[in-house]
Amino acid sequence: MSQDQKPTVIVTGASSGVGLHATNSLVKRGWHVVMACRNLEKAEAAARSLNIPKESYTLMHIDLGALDSVRKFVDEFHASGRSLEALVCNAAVYLPLLKEPLRSPEGYELSVATNHFGHFLLCNLLLEDLKKSPAKDKRLVILGTVTANSKELGGKIPIPAPANIGNLEGLEAGFKAPIAMIDGKPFKPGKAYKDSKLCNMITTQELHRRFHESTGITFSSLYPGCVADTPLFRNSYPIFQKVFPWFQKNITGGYVSQELAGERVAQVVADTAFRQSGVHWSWGNRQKKDGKSFVQELSSQASDAAKAERVWDLSAKLVGLA
């Protein structure tokens with residue numbers, strides 16, 4: 001076990017929103033949380049704002065949009081000497097107002113680079129740490145989204161540019177300028193986010209297929225509900241930031257508070273009821289604290305094993321693992 005005999009979990013994007021409240025809930029369960037964030041001052045202030053005990057967390061820098069930063073983070077985590085019992089891939093960027101794509105240092109469109117490539121590399125580099133932990137129950141959890149899962153009611157609503165990674169033409173072609181979409185089609189910023197989250201759920205499925213039986217690690221994804229007031233939406237139109245939470249609370253019933261979403265992430269990380277690998281968790285009566293969890297069916301894109309294998313192989317190549 002880790003240095004202080006508490007199980008250790010890494011949570012990306014832990015300085016605000018769902019990641020911060022997942023950190024708080026996990027600390028209350030007796031975990032030590034490595035808060036993996038871009039802005040450590042912000043993360044420290046956020047932890048203090050919730051009165052999280054200083055000895056219960058460690059701040060470590062990571063910029064998931066830069067592959068070298070991910071590698072440096074892993075090196076620094078190894079240097080800490082801690083064992084690793086769980087990894088939560090939570091951080092994400094959503095940039096719906098862009099007219100032209102932003103690029104990562106490697107030249108990849110930034111939403112996919114941050115949400116998918118950064119986490120894909122992080123998962124691969126930390127797999128051995130999870131395997132080596134003496135704990136009997138190790139988990140790797142990735143957050144998905146309803147808008148990238150057409151099997152859910154929220155994913156069936158006819159919205160512009162639904163998630164669709166096509167035949168991975170953009171990845172096949174190297175995913176650098178002028179290419180900015182996984183399917184190789186013209187840039188659509190909102191769709192880039194949804195496509196990246198679809199890849200997150202695909203990654204979970206492929207991790208399970210490749211590694212669960214041999215390692216015993218539980219691989220799962222989840223959608224805790226619509227956290228409509230999360231900082232994820234800070235780059236949206238101001239009117240959207242005001243109307244969207246009201247709409248989700250009063251019309252769709254899908255709204256979930258940051259606190260409740262964070263608690264649900266902690267459940268999937270730590271509670272025995274969620275020790276099922278290769279599944280995507282969701283909740284009925286999402287607004288209610290006593291909403292029942294269930295295994296949500298994934299879309300044909302997310303559950304296509306052949307496509308998942310190609311997403312894995314192409315992603316490995318683009319992040320330098322193959």
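Bear in mind the structure is a predicted one, so any value in this text is a computation, not a measurement.
- For the residue pair His119 and Thr203, no side-chain donor N or O sits within less than 3.5 Å of a side-chain acceptor on the partner.
- For the residue pair Lys6 and Glu85, the shortest heavy atom distance occurs at O-OE1, 4.4 Å.
- Counting only heavy atoms from C-beta outward, the side chains of Leu20 and Met35 approach each other to under 4.5 Å.
- In this structure, Asn90 contributes its side chain and Thr12 its backbone to a donor-acceptor pair below 3.5 Å.
- In this pair, Phe219 and His212 present their aromatic rings perpendicular. The plane angle is above 60°, beyond the 30 to 60° band.
- Met181 and Ala192 make their closest contact through CE-N, 3.7 Å (heavy atoms, listed as atom of the first residue, atom of the second, distance).
- Rounding to the nearest 0.5 angstrom, the gap separating the CD1 atom in Ile182 from the OG atom in Ser196 is 7.0 Å.
- Cluster annotation: Leu122 is connected to Ile142 through the hydrophobic network of ILVMFWY side chains, with a link wherever side-chain heavy atoms come within less than 4.5 Å.
- At distances below 3.5 Å, not a single donor-acceptor pair connects side-chain atoms of Asp183 with backbone N or O atoms of Leu168.
- Residues Ser282 and Gln296 come closest through the heavy atom pair CB-CB, 3.8 Å.
- Side-chain contact between Ser69 and His61: present, with at least one pair of heavy atoms (C-beta onward) separated by less than 4.5 Å.
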Step-by-step side chain to side chain contact (heavy atoms under 4.5 Å, CB included) determination, Gln267 to Trp281
CA-CA 10 Å; Gln267 290 173 13; Trp281 294 103; over 6 Å; no

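- Salt bridge annotation for Arg310-Glu172: present, with a cationic side-chain nitrogen under 4.0 angstrom from a carboxylate oxygen.
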Audit row: Arg82, Asp129, side chain to side chain contact (heavy atoms under 4.5 Å, CB included) steps and yes/no:
CA-CA 9 Å; Arg82 285 191 172 274; Asp129 296 82; over 6 Å; no

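- Residues Asn200 and Ser221 fail the side-chain proximity criterion, which asks for heavy atoms closer than 4.5 Å.
- A donor-acceptor pair under 3.5 Å is absent between the side-chain atoms of Lys138 and the main chain of Leu84, judged by distance alone.
- In this structure, Trp283 and Leu222 have side chains that are in contact, with non-hydrogen atoms separated by less than 4.5 Å.
- A distance-only check finds no donor-acceptor pair linking the side chain of Gln205 to the backbone of Leu298 [under 3.5 Å].
- Rounding to the nearest 0.5 Å gives a distance of 4.5 Å between CD1 of Ile165 and CG of Leu198.
- Of the charged side-chain nitrogens involved, at least one lies within less than 4.0 Å of a carboxylate oxygen, so that Asp313 and Arg210 count as a salt-bridged pair.
- A donor-acceptor contact closer than 3.5 angstrom links the side chains of Glu106 and Ser104.
- Closest heavy-atom contact between Tyr94 and Gly190: CE1-CA, 4.2 Å.
- In this pair, Tyr108 and Phe175 present their aromatic rings tilted. The plane angle is within the 30 to 60° band.
- The shortest side-chain heavy-atom distance between Phe77 and Thr58 does not fall under the 4.5 Å cut-off.
- With a 4.5 Å cut-off on side-chain heavy atoms, Tyr57 and Glu44 count as touching.
- Under the rule for a ring pair (Phe, Tyr, Trp, His ring centres under 6.0 Å), Phe73 has no partner lying at least two apart in sequence or in another chain.
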Report the C-alpha distance between Phe120 and Leu321 in whole Å, list the side-chain angles of each, state the deciding distance to 0.1 Å, and finish with yes or no for side chain to side chain contact (heavy atoms under 4.5 Å, CB included).
CA-CA 10 Å; Phe120 179 85; Leu321 290 173; 4.0 Å; yes

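- Atom CG of Leu143 sits about 9.0 Å away from atom NE2 of His280, to the nearest 0.5 Å.
- Val34 and Val268 fall into different hydrophobic clusters, where Ile, Leu, Val, Met, Phe, Trp and Tyr residues are linked whenever their side-chain heavy atoms come under 4.5 Å apart, directly or through other members.
- In terms of hydrophobic clustering, with Ile, Leu, Val, Met, Phe, Trp and Tyr side chains grouped at heavy-atom distances under 4.5 Å, Leu64 and Leu121 are assigned to a common cluster.
- You'll find the side chain of Thr145 reaches within 4.5 Å of the side chain of Tyr223, heavy atoms only.
- A 4.5 Å side-chain heavy-atom check between Arg71 and Leu125 finds at least one atom pair inside the cut-off.
- No single ILVMFWY cluster, assembled from side-chain heavy atoms under 4.5 Å apart, contains both Leu40 and Ile10.
- Closest of all the heavy-atom pairs between Pro7 and Gly30 is CD-O, 3.6 Å.
- Criterion: ILVMFWY side-chain heavy atoms under 4.5 Å apart, direct or through other members. Under it, Phe117 and Val70 are part of a common hydrophobic cluster.
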Could you walk me through whether His116 and Ser315 pass the side chain to side chain donor-acceptor pair (under 3.5 Å) check?
CA-CA 9 Å; His116 172 51; Ser315 300; 2.8 Å; yes

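- A donor-acceptor contact shorter than 3.5 Å is absent between the side chain of Lys54 and the backbone of Arg48.
- The distance from the CE atom of Met201 to the OG atom of Ser220 is 13.0 Å, given to the nearest 0.5 Å.
- Distance CG/Leu207 to CG/Leu127: 6.0 Å, rounded to 0.5 Å.
- Using a 4.0 Å cut-off between a side-chain N of Lys or Arg and a carboxylate O of Asp or Glu, Arg29 and Glu263 qualify as a salt bridge.
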Pair Val112, Cys199 - check side chain to side chain contact (heavy atoms under 4.5 Å, CB included), show working.
CA-CA 9 Å; Val112 172; Cys199 285; 6.0 Å; no

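- A distance-only check finds no donor-acceptor pair linking the side chain of Asn167 to the backbone of Glu169 [under 3.5 Å].
- In this structure, Ala86 and Leu130 approach most closely via the heavy-atom pair N-CD2, 3.7 Å.
- Atom NZ of Lys197 is separated from atom CD1 of Ile202 by 12.5 Å, given to the nearest 0.5 angstrom.
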